[in-house]
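All remarks here apply to the structure that follows.
Side chains included, hydrogens not; waters and symmetry mates left out as well; all remaining heavy atoms used. Whatever order the structure lists ligands and atoms in, that order sets their numbers, starting from 1.
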Amino acid sequence: LNGTAVTSPEANDLEYLTPVTIGNVTFHLDFDTGSADLWVYSDELPTDEQTGHAVYATTDSKLLPGSSWEILYGDGSSAGGDVFADTVVVGGLTATMQAVEAAATLSAEFERDAHSDGLLGLAFSTLNMVKPQKQSTFFDNVKSQLDLPVIATSLKHGAPGTYDFGFIDENKYTGPLTYVDVDSSRGYWTFTADAYAFGDDQISTSLTGIADTGTTLILLPSDTVSRYYANVSGAQDSPLHGGYVFPCDSKLTPFTLVVAGNHSVTVPGELINYAPVGSVSNLCFGGIQAASGLVDINIFGDVFLKSQYVVFDAGSQGGPRLGFANQ
Ligand SMILES: O=C(CCCl)NNC1=[NH+]CCN1
């Protein structure tokens with residue numbers, strides 16, 4: 001059995017939300033290949049933090065005694081609480097004894113997120129934050145039902161896309177799928193590009209980072225980022241806006257990763273114009289920004305992923321790997 005779930009972008013493609021049924025309640029969760037915990041807003045939160053969200057009724061649920069979780073994400077947001085076992089359905093696929101992590105505390109970023117009802121982690125289960133015993137991700141729990149141990153993402157700019165589980169949909173991409181090995185030793189979908197380019201400016205330095213649907217932007221070393229925006233007239237690193245901004249009518253340079261020897265994965269310049277900074281100024285915020293001190297790894301987030309059909313292959317032909325094709 002395979003499955004497909006439709007995922008829909010919030011404003012400015014800030015995050016993509018996918019319907020997930022837990023017990024008999026449907027939650028809209030942020031699928032996150034950069035983490036490995038499935039957590040939901042719950043009745044253990046202060047009432048005002050529950051408002052407007054689907055809420056997990058822990059009083060009707062099967063507690064995992066003695067288990068708790070606490071997670072800190074690369075953007076500094078965090079959440080924590082206790083753990084239940086429940087039936088979780090995504091795109092027609094069912095995990096019967098899925099660890100469902102009920103949020104009892106949320107950081108400010110989640111308190112003010114009016115749309116997401118939680119996250120569904122799709123990184124490797126070694127990254128799960130439940131103590132005393134790590135729990136398996138939804139993907140690991142349904143993997144045995146799938147034709148192939150793969151998740152394929154089709155995230156789009158300003159339009160619904162899909163998460164395919166167990167199969168690769170040839171109708172969703174053009175040209176070949178180019179595969180690159182993944183180093184899962186830190187629990188992320190980590191891969192290395194042999195080189196990269198800003199437009200025609202080829203840089204023969206390798207670039208290692210994670211494919212992360214849970215991060216909005218592309219986050220790179222600060223010297224690399226300043227080199228990118230040197231090509232964009234009027235661009236400046238603005239403390240006021242928290243990163244590089246430029247005139248909204250700027251023509252942005254494409255960002256290319258060279259993978260698997262000589263295959264180019266290119267993010268068109270248009271996708272690197274992330275969003276206007278506000279309603280009055282004509283400044284726009286860049287889709288490539290510097291990785292914060294919190295994460296010591298480059299992050300290829302949604303801005304990167306939405307140019308591609310991406311196959312997160314957990315081992316259909318040996319080790320874990322990522323496949324990229326234009327969509
Ligand atoms: O935490 C990370 C980066 C890991 Cl290096 N990605 N996932 C995520 N979820 C919410 C914000 N960011």
ask   = When you measure from atom 1 (O) of ligand 1 to every protein heavy atom, which one gives the shortest distance, and what is it?
value = Gly74 N, 2.8 Å
message = Ignoring hydrogens and geometry beyond distance, is a side-chain donor-acceptor pair present between Thr190 and Asp183 at under 3.5 Å?
response = no
inquiry  = Can you see whether Tyr56 engages Asp86 through a side-chain donor-acceptor pair at a distance of less than 3.5 angstrom?
reply    = yes
inquiry  = Using a 4.0 Å cutoff against the non-hydrogen atoms of Asp75, which atoms of ligand 1 qualify?
reply    = 11 (C)
ask   = If you measure every N/O of Asp32 against every N/O of ligand 1, is any gap under 3.5 Å?
value = yes
Sub-4.0 Å heavy-atom contact, Thr33 with ligand 1 = no
task = Could you pull out, from Asp212, Leu119, Asn298, the option with a heavy atom nearest to atom 6 (N) of ligand 1?
result = Asp212
query = For ligand 1, which atoms have a heavy atom of Ile297 less than 4.0 angstrom away?
reply = 5 (Cl)
message = More than 12 heavy atoms of other residues, nucleotides or ligands under 6.0 Å from NE2 of His157: yes or no?
response = no
Atom indices of ligand 1 within 4.0 angstrom of Thr215 heavy atoms, with elements = 6 (N), 12 (N)
inquiry  = Looking at Asn24, I want to see if its CG is surrounded by more than 12 non-hydrogen atoms of other residues, nucleotides or ligands under 6.0 Å.
reply    = no
task = Please could you name the atoms of ligand 1 that Val295 approaches to less than 4.0 Å, counting only its heavy atoms?
result = 5 (Cl)
inquiry  = Using every non-hydrogen atom in the two residues, find where Thr58 and Ala102 come nearest and quote the distance to one decimal.
reply    = CG2-CB, 3.7 Å
CG/Asp194: more than 12 non-hydrogen atoms of other groups inside 6.0 Å = yes
query = Among protein heavy atoms, which sits nearest to atom 12 (N) of ligand 1, and what does the distance come to when rounded to 0.1 Å?
reply = Gly214 O, 3.4 Å
query = Near Gln133 CD, under 6.0 Å, is it more than 12 heavy atoms from other residues, nucleotides or ligands?
reply = no
